Participant: 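Quick one: the structure is below, questions incoming.
All of these numbers come straight from a predicted model, not from anything done at the bench. Values reported hereafter were calculated over all heavy atoms of this structure, with side chains retained and with hydrogens, waters and symmetry mates removed. Reminder, nothing fancy here: chain letters follow the sequence lines and each chain counts from 1.
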There are 2 protein chains.
Amino acid sequence: MPTIDERILLRGDENVKERAIPEATVARLPLYLRSLVEMTERGTTTVSSEGLATAAGVNSAKVRKDLSYLGSYGTRGVGYDVEYLIYQISRELGLTQDWNCVIVGIGNLGRALANYRGFGSRGFRVVALLDVDPVKIGTYVDDLLIEDFDEVERIVKERRASIGIVTTTGSAAQGAADRLVASGVKSILNFAPTVLQVPEEVSLRKVDLSIELQILSFYEQRKAALEGVLRGGRLTASASKSTRP
Amino acid sequence: MPTIDERILLRGDENVKERAIPEATVARLPLYLRSLVEMTERGTTTVSSEGLATAAGVNSAKVRKDLSYLGSYGTRGVGYDVEYLIYQISRELGLTQDWNCVIVGIGNLGRALANYRGFGSRGFRVVALLDVDPVKIGTYVDDLLIEDFDEVERIVKERRASIGIVTTTGSAAQGAADRLVASGVKSILNFAPTVLQVPEEVSLRKVDLSIELQILSFYEQRKAALEGVLRGGRLTASASKSTRP
DNA sequence: ATTTGTGAATCGGTTCACAGCG
DNA sequence: CGCTGTGAACCGATTCACAAAT
């Protein structure tokens with residue numbers, strides 16, 4: 001009911017907690033955003049929760065609930081205006097501004113991330129590559145110079161970096177994170193296979209490749225185990241329960 | 001109370017649902033495993049739920065609940081035997097066998113994953129690198145040959161690959177996944193920035209770098225917004241509420 | 001004395017189902 | 001009439017708190 005006006009009022013209101021958006025919703029907004037951008041590229045101007053759900057690989061109730069946390073941006077009987085939703089989600093995600101990132105640890109992964117197109121695309125700008133290895137320092141990845149990690153404080157401040165991407169070895173990661181935090185970095189994305197400790201005002205997310213594989217391994221193994229049991233003929237009694245007419 | 005004996009009985013039992021381990025627990029087991037391995041390397045033989053919790057960056061109640069799904073492997077008043085826990089978690093995760101992986105799409109990321117030490121470490125063996133680019137086909141990454149993706153069916157079967165790692169562009173990913181599934185791959189780890197559709201018997205996990213950054217951006221932005229409001233002096237009334245004596 | 005293992009309470013998130021609105 | 005927005009019901013996961021075990 002109270003669309004634009006309430007939105008503005010809320011922004012200027014003295015109510016701090018405002019509309020607290022659930023973490024799970026925050027994690028899905030980028031997914032919706034990507035689907036919506038693809039839609040505009042294909043010329044779609046309006047989309048229903050059902051349509052967006054299909055594109056994003058979730059269900060429509062979730063889409064509606066999620067979007068309702070941002071405000072009432074849909075039109076009943078019609079759907080959502082794609083362009084307008086893109087704007088609202090972008091704003092909510094803080095993508096209307098650029099974020100400067102530094103990558104620490106320029107091994108294979110750091111190198112890959114350094115020239116990963118798709119970072120740049122949505123306002124993430126790699127402003128420094130840092131490493132401790134004198135052999136690497138002074139060389140280039142793409143057109144980005146690898147600089148001495150020892151200079152991290154100066155570099156982070158000078159270039160207003162707020163996001164640190166850690167792609168060091170596991171053992172170097174905590175030290176790297178500590179220095180990044182000391183330099184004023186407010187968010188860290190950790191690819192190193194270790195649990196990082198950061199002050200609570202610093203946001204931390206992690207991506208662990210080998211853990212992902214181990215999770216797949218679990219389900220794979222469970223499938224195999226179940227099949228083994230079934231083939232072994234042990235389940236005849238309870239299996240008959242699942243027999244369909 | 002019923003430790004080893006019940007464990008064995010359960011394994012051979014006709015009860016299918018057995019001990020269904022919650023997804024959230026499965027996702028943490030690799031974390032515990034890594035901490036435990038580090039502990040043996042440092043010579044620790046016994047650990048309490050509290051100790052493991054600290055190492056893995058979770059709380060001790062969670063550790064106890066999680067481990068209780070695997071069985072009663074701890075000793076009250078003492079803790080868990082590190083070596084034994086490693087064995088049990090490894091077995092549960094299916095890490096007592098090797099898993100063969102193929103990587104599809106040998107760009108920067110595919111290349112980085114191809115020579116990522118840490119895959120190999122825990123029983124994941126990269127058995128093929130596949131791409132469609134004739135310029136890449138026939139060249140090597142480390143000592144692994146890049147082969148024609150068109151051969152995926154033959155290669156997956158011959159080398160008994162069960163995990164496919166997709167590092168193609170977003171637009172090529174679904175096609176790659178379809179071919180992988182058709183070839184008999186049972187698990188897919190997707191790095192491409194797109195939502196993949198796979199049959200429900202295929203396990204799917206995804207890692208999306210730009211989504212992770214966007215999530216960080218949200219929290220970063222929210223911090224900045226809050227600070228702005230506070231500095232703007234708008235919160236004096238409610239802020240006084242939080243003043244401490 | 002100490003630490004596990006686990007019911008019970010709680011929390012956050014998802015899904016349902018429908019009233020409200022264009 | 002169709003689709004959004006949202007209370008209510010539900011479900012899975014987390015946390016609490018303590019009895020059981022050694």
Side-chain angles (χ1 to χ4, degrees), chain A residues 1-7 10 17 19-29 31-32 36 39 44-82 84-85 88-89 92 215 218-219, chain B residues 1-7 10 17 19-29 31-32 36 39 44-82 84-85 88-89 92 215:
Chain A
M1 38 170 91
T3 49
I4 293 181
D5 301 304
E6 194 191 41
R7 202 167 72 241
L10 277 168
K17 58 187 177 319
R19 305 139 301 145
I21 298 180
E23 266 182 65
T25 296
V26 172
R28 279 188 297 265
L29 291 180
L31 219 58
Y32 300 149
L36 290 164
M39 283 174 193
T44 313
T45 61
T46 291
V47 67
S48 66
S49 60
E50 189 58 44
L52 182 52
T54 305
V58 301
N59 67 52
S60 61
K62 217 178 265 182
V63 168
R64 289 199 300 279
K65 206 33 42 119
D66 285 343
L67 296 183
S68 79
Y69 291 117
L70 311 190
S72 285
Y73 296 148
T75 309
R76 290 166 199 239
V78 179
Y80 302 88
D81 181 88
V82 174
Y84 186 56
L85 246 198
Q88 290 300 344
I89 294 179
E92 200 67 56
I215 295 171
F218 171 85
Y219 290 107
Chain B
M1 36 170 96
T3 48
I4 293 180
D5 301 305
E6 195 190 38
R7 201 168 72 240
L10 278 167
K17 56 187 178 320
R19 307 139 300 144
I21 298 180
E23 265 183 65
T25 296
V26 172
R28 280 188 297 267
L29 290 179
L31 220 58
Y32 301 149
L36 291 164
M39 284 173 191
T44 313
T45 62
T46 290
V47 67
S48 66
S49 60
E50 189 59 43
L52 182 50
T54 306
V58 302
N59 68 52
S60 62
K62 217 179 268 184
V63 168
R64 290 198 300 280
K65 208 14 68 109
D66 284 344
L67 296 182
S68 79
Y69 291 117
L70 312 189
S72 285
Y73 297 147
T75 308
R76 289 165 199 241
V78 179
Y80 301 86
D81 181 87
V82 175
Y84 186 57
L85 246 199
Q88 290 300 345
I89 295 179
E92 201 65 58
I215 295 170

Participant: Can you figure out which of C/dG13, C/dA19, D/dT6 approaches the side chain of A/R76 most closely?
Facilitator: C/dA19
Participant: Using atom CG of B/L52 as one end and atom P of C/dT4 as the other, report the distance to the nearest whole Å.
Facilitator: 10 Å
Participant: Select base, sugar-phosphate, or nothing to describe what B/E23 touches, counting heavy atoms under 4.0 Å on all strands.
Facilitator: sugar-phosphate
Participant: Give the rounded distance in Å between these two atoms: CG of B/L70 and C1' of C/dT6.
Facilitator: 15 Å
Participant: D/dG12 phosphate, OP1 or OP2: any side-chain N/O from B/Y69 under 4.0 angstrom?
Facilitator: no
Participant: To the nearest 0.5 Å, what is the distance between CZ (A/R28) and CD1 (B/I215)?
Facilitator: 10.5 Å
Participant: Let me check the geometry of the helix from C/dA1-D/dT22 to C/dG22-D/dC1. What is the bend angle between the axes at its two ends, five pairs each, to 10°?
Facilitator: 0°
Participant: Does the side chain of B/V63 come within less than 4.5 Å of B/Y32's, by heavy atoms?
Facilitator: yes
Participant: Once you round it to whole Å, what is the distance between P of D/dC3 and CG of A/L67?
Facilitator: 16 Å
Participant: Looking at residues 55-64 of chain B, who's got a heavy atom less than 4.0 Å off DNA chain D?
Facilitator: B/N59, B/K62, B/R64
Participant: Please report the shortest heavy-atom distance between A/G51 and A/M39, naming the atom on each side.
Facilitator: O-CE, 4.1 Å
Participant: Just the rounded figure in Å: distance from P of D/dT15 to NZ of B/K65.
Facilitator: 11 Å
Participant: To the nearest 0.5 Å, what is the distance between CG (A/N59) and CD (A/E50)?
Facilitator: 8.5 Å
Participant: Do B/L36 and B/Y80 come within less than 4.5 Å of each other through their side chains, counting heavy atoms only?
Facilitator: no
Participant: Can A/L70 and A/L29 be said to form a side chain to side chain contact (heavy atoms under 4.5 Å, CB included), step by step?
Facilitator: CA-CA 10 Å; A/L70 311 190; A/L29 291 180; 4.1 Å; yes
Participant: Would you say that B/T75 contacts B/D81 through its side chain, given a criterion of any heavy-atom pair below 4.5 Å between the two side chains?
Facilitator: no
Participant: D/dC3, C/dT14, D/dA13: which one has an atom nearest the side-chain heavy atoms of A/A24?
Facilitator: C/dT14
Participant: How many Å lie between OH on A/Y73 and P on C/dC21, as a whole number?
Facilitator: 19 Å
Participant: Within the structure, does a side-chain N or O atom of A/S49 lie under 4.0 Å from either OP1 or OP2 of D/dT4?
Facilitator: yes
Participant: In terms of the nearest nucleotide of DNA chain C, which residue is placed more toward the 5' end: A/V78 or B/S68?
Facilitator: B/S68
Participant: Please round to the nearest 0.5 Å and tell me the distance separating atom CD of B/E92 and atom CD1 of B/I21.
Facilitator: 3.5 Å
Participant: For the side chain of B/Y80, counting heavy atoms from C-beta on, which of C/dG5, D/dT4, C/dG7 is nearest?
Facilitator: C/dG5
Participant: A/Q88 has an atom CD; how far is it from atom P of D/dG5, in whole Å?
Facilitator: 12 Å
Participant: Can you name the residues that form a side chain to side chain donor-acceptor pair (under 3.5 Å) with B/T54, not counting sequence neighbours?
Facilitator: none
Participant: I need the CD1-C1' distance between B/I21 and D/dA13, as an integer number of Å.
Facilitator: 15 Å
Participant: What I'd like to find out is whether the side chain of A/L52 reaches to under 4.5 Å of the side chain of A/L85, using heavy atoms alone.
Facilitator: yes
Participant: For B/E50 and C/dA1, give me the distance from atom CD to atom P, rounded to whole Å.
Facilitator: 20 Å
